[in-house]
Enquirer: 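This is the structure I want to talk about, given as structure tokens.
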Number of protein chains: 2
Amino acid sequence: MSAVLNGMNRTSETPAPLSASNIIFNRSTVERSVPQHGSPEQWAQNVCSDHMVTCRWTLSDGWEVPHIVPYGNLSISPAASCLNYATQCFEGMKAFRGFDGKLRLFRPDCNAKRLVMSAQRVCLPAFDDNELVELIKALLRIDAPRWLPKEAAGRFLYIRPCLVGTGDQLGVQTPREATLYIMMVPWPDFSKESPPGISPRDGLRLYASAEDTIRAWPGGFGFAKVGANYGTSFGAHGEAQHKGYDQVLWLFGPDHQITEAGASNFCAIVRNRDSGLTELITPPLAEKLILDGVTRRSILELARSRMAGELEVVERKFTMHELENAWEEGRIVETFVCGTAFFITPVLSINFNGRELDLPHGDADPGKRFTSLFGDWLRNIQLGVVDHQWAVEVKEF
Amino acid sequence: MSAVLNGMNRTSETPAPLSASNIIFNRSTVERSVPQHGSPEQWAQNVCSDHMVTCRWTLSDGWEVPHIVPYGNLSISPAASCLNYATQCFEGMKAFRGFDGKLRLFRPDCNAKRLVMSAQRVCLPAFDDNELVELIKALLRIDAPRWLPKEAAGRFLYIRPCLVGTGDQLGVQTPREATLYIMMVPWPDFSKESPPGISPRDGLRLYASAEDTIRAWPGGFGFAKVGANYGTSFGAHGEAQHKGYDQVLWLFGPDHQITEAGASNFCAIVRNRDSGLTELITPPLAEKLILDGVTRRSILELARSRMAGELEVVERKFTMHELENAWEEGRIVETFVCGTAFFITPVLSINFNGRELDLPHGDADPGKRFTSLFGDWLRNIQLGVVDHQWAVEVKEF
């Protein structure tokens, strides 16, 4: 029976692995309207492309054959684990249309491996990360021609793979059924643009979280891209926005360690008082409080390999008081957040305990140098200006 | 347009409150099979009754008219906040068929108020808790005759109200659309029964969590009944079960404070070494680490009012080392977990750092006295043996 269901000659003793080699295609007969670049529809971040990938998993039979189907609502049991117990994880990544007309993914293996890791944290099934990347490529081949056409050189599509616990199961236990799905959305470039009617800013204003507002904790799940980290942060985010700030700077512990900014990683470039060296300081992964961001990782790797001697990369715990102290002594060169959604965006100021720290930034300011440089490096890879192993070309027909 | 949609003469300036006064009924034409009491189908905890309540909310128009419809899958956008960002919360409560044939809810106001509180924690909309109780009653009036018939005196139905962020919205922000739904499930009596083929046990074996496994943190959301607390705990739960234990005893902090057990509250009855008094010790709510359980609250209130002088109720931080010390000195009278799912269930043993603490329990043991007494008190209220304001009768037609 299961062999029929998953379309392969399998027995229930060998649950099927995820495989992108036999995708069933159900092409959409209607073409959804593609939002204009910079339009309110694009800023709404809710217009998905014509198709999506879906693939069902069951504990007994493993992964079924993936489908590419017209984008539309999912049919989910009210008793599904994903709705009751937040057994859900996701990824955020981008496909880029290069200036050479080619379509590229940026380090998709990192996102795919991270989704496997996040899935484990909430007891969702594992899979071969290469197969996920192949599914993403298959979806892009169908929808990129209209949604990221060759004329859109320099632009990108946001890709959102999700894995959620489905099935009928109210018991407080590991899901016995799950669904992987992948959707794609035209997405604003937060690092360069503003919504229509809102004057552009050249960076973010951060509001440091109070001691009674914690994003993540040791022994928790701050390192995993699970839904549980996001909805629970909307309240603090809304309060920060209400006060006129863009994002929360999440602190942790009595010593106010800096962890993340909004849903991005945080980096500060600071002159060391003792050594005189310029350091790129960013919180470490070891405590498992923060996400191992692909943009963060890429910046650190490039800075280490290309700026040795000029910029020291330091992954360590660092506190708001240290940052405040560096600010008072004029040792902050620049600060920025980085992640797929915000790319690399300078920080204009941080409000900490009611004190406003205005930080070096801006085009005319040398403070923007590193931020711009890192951004250029990454964009050049993503858009095919330079050849680099991190850019994975998606061959189109 | 919105006035048409929500069936009331409203403008977008006055979002509609939740109201149970104009429910739209769509009766099921098929009767789902009711699982036999104690059957594997009932233990699967996934057979919902014939109908469910659904009610949509939008930021602009507020609550639409609630519907009672045949139980079935929900149609949810892949981009919904509840699937990506865990904007979801729920309640667990029971309807009881009394020995007098009457149908009763137990303190439904407590669950309804807690759902409002949980909703706020993940930026979901508020509502009048009385209206939620009325919706539950309306659902019971339709389905209780078949699913909790008068012949089933002494039994109960589990009721699961959920509120989830719906709509198309991938931005990391407060949901602009939500859906409230309520389903009902025949549920095993974990406090008295075991699944078919598994020999009955008279209590639970707990496995104390390691320092790298933390359920909740001050400034987090351990006090709210949000999905984010559950899926993230399945891993530790699975490991404990793999080691032969029933539930995790969640510790917190370097001093190993006891917080919750599984998804239940934890209580210990201990003789105080200094005063000689018998104390019911349970972790406090003030730190916001634990759920304000309705069963917990009811036990504490009854113990305070009925056992003054005999049993001292103490809500305070207490640590695993204190419990271990009391165990070594023979001062533990009994320990139990309490909550809607497990009702009041004795704890047989706790494994802490590899040491197995066997705790007083069992019928022949005076250790079972308080647990039995509290259980009898609550059951007598729930089943109408005694009149009590906590039992809210649901009038049937």
Side-chain angles (χ1 to χ4, degrees), chain A residues 44-48 52 71-79 81-88 90 120-123 158 160 162 164-165 167-175 181 183 185 210-214 217-221 226-235 237-238 262-263 341, chain B residues 44-48 52 71-79 81-88 90 120-123 158 160 162 164-165 167-175 181 183 185 210-214 217-221 226-235 237-238 262-263 341:
Chain A
Q45 298 162 249
N46 63 4
V47 182
C48 292
M52 61 182 184
Y71 177 80
N73 279 8
L74 301 166
S75 176
I76 298 181
S77 166
S81 183
C82 61
L83 297 178
N84 289 268
Y85 305 130
T87 47
Q88 54 182 251
F90 68 95
Q120 287 189 305
R121 185 60 187 81
V122 286
C123 293
Y158 182 84
R160 170 64 59 95
C162 291
V164 303
D168 265 320
Q169 189 186 343
L170 274 185
V172 178
Q173 60 205 222
T174 300
Y181 61 92
M183 56 193 154
V185 197
E211 273 179 72
D212 64 352
T213 312
I214 302 290
W217 54 87
F221 39 88
V226 293
N229 283 321
Y230 292 80
T232 53
S233 75
F234 287 174
H237 177 64
Chain B
Q45 297 163 249
N46 63 4
V47 182
C48 292
M52 62 182 182
Y71 177 80
N73 279 7
L74 301 167
S75 176
I76 299 182
S77 166
S81 183
C82 61
L83 297 179
N84 289 268
Y85 305 130
T87 48
Q88 55 182 251
F90 68 94
Q120 288 189 304
R121 185 61 187 81
V122 285
C123 294
Y158 182 83
R160 170 64 58 95
C162 291
V164 303
D168 265 319
Q169 189 187 344
L170 274 185
V172 178
Q173 61 205 222
T174 300
Y181 61 91
M183 55 194 153
V185 196
E211 275 179 68
D212 63 353
T213 312
I214 302 292
W217 198 272
F221 38 89
V226 293
N229 283 321
Y230 292 81
T232 52
S233 76
F234 288 173
H237 177 63

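Lettering follows sequence order; numbering is per chain, from 1.
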Enquirer: Give the member of Q120(A), Q88(A), Q45(A) that has the highest number of heavy-atom pairs under 4.5 Å with chain B.
Expert: Q88(A)
Enquirer: Does some side-chain heavy atom of L83(B) sit less than 4.5 Å from a side-chain heavy atom of L83(A)?
Expert: yes
Enquirer: If you count heavy-atom pairs under 4.5 Å between each of G165(B), G171(B), G235(B) and chain A, which one has the most?
Expert: G171(B)
Enquirer: Quick check for you: among C123(A), A263(A), A341(A), S81(A), which has the greatest number of heavy-atom pairs under 4.5 Å with chain B?
Expert: C123(A)
Enquirer: With a 4.5 Å limit on heavy-atom distance, are the side chains of M52(B) and L74(B) in contact?
Expert: yes
Enquirer: With chain A as the partner, which of R160(B), R121(B), E211(B) has the greatest number of non-hydrogen pairs under 4.5 Å?
Expert: R160(B)
Enquirer: Among V185(B), V122(B), I76(B), which has the most heavy-atom pairs under 4.5 Å with chain A?
Expert: I76(B)
Enquirer: Under 4.5 Å heavy-atom distance to chain A, tell me which part of P78(B) shows up: side chain, backbone, both or neither.
Expert: both
Enquirer: Counting heavy-atom pairs under 4.5 Å to chain B, which of D212(A), V164(A), N229(A), L170(A) comes out on top?
Expert: L170(A)
Enquirer: Quick one: are N84(B) and M183(A) in side-chain contact, heavy atoms under 4.5 Å?
Expert: yes
Enquirer: Which bit of C82(A) comes within less than 4.5 Å of chain B, counting heavy atoms only: side chain, backbone, both or neither?
Expert: both
Enquirer: A side-chain contact here means heavy atoms from C-beta on lying under 4.5 Å apart; do Y158(B) and C48(B) qualify?
Expert: no
Enquirer: Chain A: which of A79(B), G219(B), C162(B), G238(B) shares the most heavy-atom pairs with it under 4.5 Å?
Expert: G219(B)
Enquirer: Students often mix this up, so state it plainly: with edges at 30° and 60°, are the rings of Y85(A) and Y230(B) parallel, tilted or perpendicular?
Expert: tilted
Enquirer: Tell me, out of N46(B), I214(B), V47(B), who's got the most heavy-atom pairs with chain A below 4.5 Å.
Expert: I214(B)
Enquirer: So F221(B) and W217(A), ring-ring contact (aromatic ring centres under 6.0 Å, His included) or not? Walk me through it.
Expert: CA-CA 12 Å; F221(B) 38 89; W217(A) 54 87; 5.7 Å; yes
Enquirer: Hey, does V172(B) have a side-chain heavy atom less than 4.5 Å from the side chain of H237(A)?
Expert: no
